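First the structure, in the form of structure tokens, and then the observations on it.
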Amino acid sequence: MRLFVGLDVSSFDMKVCILNGEGEKLNAFTVTNDLPGATLLKERLLDCIGDQEVDVLKIGLESTSVYSFHPSMFLHHDEDLKVFGAKVFVMNPKQIANFKKSYSDMNKTDEIDAFVIADYLRFGRNQMSVVKESQYVALQQLTRSRYQLIRMMTKEKQHFLQHLSYKCNTFSQEVDSSVFGSAMMELFLEKYSLEELAHLPLEELAAFLQEKGKNRFGDPKCVATSIQKAVRSSYRLDKVVEDSMDVILGTSIEVIRTFQKQIKEIDKAIKKLMAGLTHTLESIPGIGPVFAAGIIAEIGQIDRFDDETKVAKYAGLYWRKHQSGRFTAEDTSLSRNGNHYLRYYLVEAANSVRRQVPDYRDYYVKKYSEVPKHQHKRALVLTARKLVRLVDALLRSHQLFTPERGVKI
């Protein structure tokens, strides 16, 4: 007996359609999208099975943010369904929408959508979407939250620098933006006027920067000199305007510090989860705890994917072919589908790895020189695609990376 269960999930309910291997509808009903509803769904599914022997039991639903999360995890972990080898698939809505186009005579209703999902499962085109195990789901929530916090903090730093340009309009020209950090925030949190900063003894300003920067400045006097140069060459504001800028800068600094504190807390939780997962990605030069956690969180258990090509497609690191007759286009665009979080981590990791691993550096340079435009972007994406093969190999074999052989036992 082969059973395919399609669920069309909303915030309120779940439309259910159960098909057999021949595509015949065995049952269709609606349950609430909560624990009692999911329990009822399971019971009715077990009633449908009865005493029959089950060869295949697949349950599918579209990825609809938080609406699909709870029912998919409930059904995935249910012990009664595991007896029958149940597999739960969370699928890209675009895949279902494209598949539904073949049913041109169908209306748009939730009941029909549930049928289409079940039929999609029946055709077996769902190998990439097995539900992740709990530890990967937990890690994914943490890494995605960290990603969003980093983006918000970056935006707030830009906001800070924008208002800093009002207070000191030549600051960004004279002072390297890479020195922005705790010391700079402390400096402007003190709410010095430009005149006070201009006449502050150089040694005192350098000592202040070194103390607040926790000795991270290689040449604090040089930084102090560039700050004072910027201060002396900047326009002077009316006091009422300068006071308002000081309030804005102080508020912005507190927001940045809040983000930093939240990121540290999330990092602790990520480190704790990662300690329970066996992996060797950090043996690759350039891939640290952040990139490793982000990649693993999005991939989940590697055996969800048949091979590295499926991982690349899941990340959206593939190019569609454009062919008609004897013509084959050489210039094709990168797919816009895929998991953008995984694509982000792989591309950023590739950018780091190519700086430290000669093989990846040479590959990047080769791809960079092949085209006259978009060289860096193209070369980096292709390097990320190359990195997928290594990531896949290490996650499957638990081997360590070595530059000479790529991996070793």
Side-chain angles (χ1 to χ4, degrees), residues 1-10 12-64 67-103 105-134 136-137 300-301 303-306 310 314:
M1 181 181 189
R2 300 166 65 229
L3 289 179
F4 305 93
V5 184
L7 308 180
D8 190 88
V9 182
S10 72
F12 304 106
D13 59 26
M14 294 182 284
K15 308 295 184 185
V16 184
C17 180
I18 304 175
L19 302 181
N20 63 16
E22 287 69 45
E24 298 173 348
K25 186 184 294 185
L26 302 181
N27 204 346
F29 53 91
T30 301
V31 295
T32 54
N33 187 4
D34 52 24
L35 183 57
T39 303
L40 177 60
L41 164 59
K42 180 194 77 170
E43 291 171 352
R44 296 190 69 171
L45 182 54
L46 292 175
D47 288 341
C48 184
I49 295 172
D51 297 328
Q52 302 179 74
E53 184 176 338
V54 176
D55 299 314
V56 175
L57 175 53
K58 293 183 177 181
I59 305 169
L61 60 165
E62 291 179 319
S63 177
T64 52
Y67 301 149
S68 60
F69 172 76
H70 292 292
S72 65
M73 295 304 291
F74 173 87
L75 296 167
H76 175 67
H77 290 292
D78 186 82
E79 294 298 331
D80 294 328
L81 293 177
K82 283 183 179 179
V83 172
F84 298 98
K87 290 186 178 181
V88 181
F89 299 84
V90 180
M91 295 165 289
N92 189 329
K94 287 184 178 180
Q95 294 175 321
I96 303 301
N98 290 333
F99 181 74
K100 189 180 178 181
K101 290 178 181 177
S102 60
Y103 300 91
D105 57 337
M106 282 190 170
N107 297 318
K108 173 66 177 82
T109 69
D110 293 336
E111 290 81 2
I112 289 175
D113 287 345
F115 167 81
V116 171
I117 292 170
D119 216 26
Y120 183 84
L121 285 172
R122 191 170 67 89
F123 280 90
R125 304 184 61 180
N126 46 279
Q127 292 83 1
M128 293 196 301
S129 310
V130 181
V131 169
K132 294 178 183 177
E133 297 298 341
S134 297
Y136 295 107
V137 173
Q301 58 269 34
D303 55 10
R304 297 195 313 137
F305 303 91
D306 293 340
K310 296 296 194 303
Y314 182 63

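For clarity, every value in this text was computed on a predicted model and none was experimentally measured. These values consider heavy atoms only, across backbone and side chains, with no hydrogens, waters or symmetry-generated copies.
Between the side chains of H77 and S134, at least one donor N or O lies within less than 3.5 Å of an accepting N or O.
Taking the charged nitrogens against the carboxylate oxygens, K15 and D13 do have a contact shorter than 4.0 Å, which makes a salt bridge.
Between L57 and K87, the closest side-chain pair of non-hydrogen atoms is not below 4.5 Å. Side-chain contact between V137 and M73 is present, with heavy atoms from C-beta onward closer than 4.5 Å. Side-chain atoms of I117 and L7, non-hydrogen and from C-beta on, never get closer than 4.5 Å to each other. Looking only at side-chain heavy atoms (C-beta outward), F89 and I59 stay at 4.5 Å or farther from each other. Side chains of F12 and T32 form no contact here, defined as non-hydrogen atoms less than 4.5 Å apart. Put simply, the side chain of L121 reaches to within 4.5 Å of the side chain of M91, judged on heavy atoms.
Taking the side chain to side chain contact (heavy atoms under 4.5 Å, CB included) definition, one finds that T39 meets it with L35, E43, F74, sequence neighbours left out. Partners of V83 by side chain to side chain contact (heavy atoms under 4.5 Å, CB included), not counting sequence neighbours: none found. By the salt bridge (charged side-chain N to carboxylate O under 4.0 Å, His left out) test, D55 pairs with no residue at all, sequence neighbours left out. Partners of E22 under the side chain to side chain contact (heavy atoms under 4.5 Å, CB included) rule, at least two apart in sequence or in another chain, are N20, E24. Remark: K25 pairs with no residue by the salt bridge (charged side-chain N to carboxylate O under 4.0 Å, His left out) rule, at least two apart or across chains. Under the side chain to side chain contact (heavy atoms under 4.5 Å, CB included) criterion, F29 pairs with V16, I18, N27, V31, L41, R44, sequence neighbours left out. Residues passing the side chain to side chain donor-acceptor pair (under 3.5 Å) test with H70: none are found, sequence neighbours excluded. With sequence neighbours left out, the side chain to side chain donor-acceptor pair (under 3.5 Å) criterion links N33 to no other residue.
Remark: of the listed residues D80, L75, V5, L40, V5 is the sole one forming a side-chain contact (heavy atoms from CB on, under 4.5 Å) with L45. Results of the side-chain contact (heavy atoms from CB on, under 4.5 Å) test with D8 over T30, D113, L61 single out D113 as the only residue that passes.
A cation-pi arrangement is absent between R304 and Y136 under the rule of less than 6.0 angstrom and at most 45 degrees off the ring axis.
A distance of 11.0 Å separates OG of S68 from CE of M14, quoted to the nearest 0.5 Å.
Y67 and V9 get closest at one heavy-atom pair: O-CG1, 3.3 Å. Nearest heavy atom pair, residue G6 against residue A118, reads N-CB, 3.5 Å.
Between Y120 and F4, the distance separating the two ring centers is not shorter than 6.0 angstrom.
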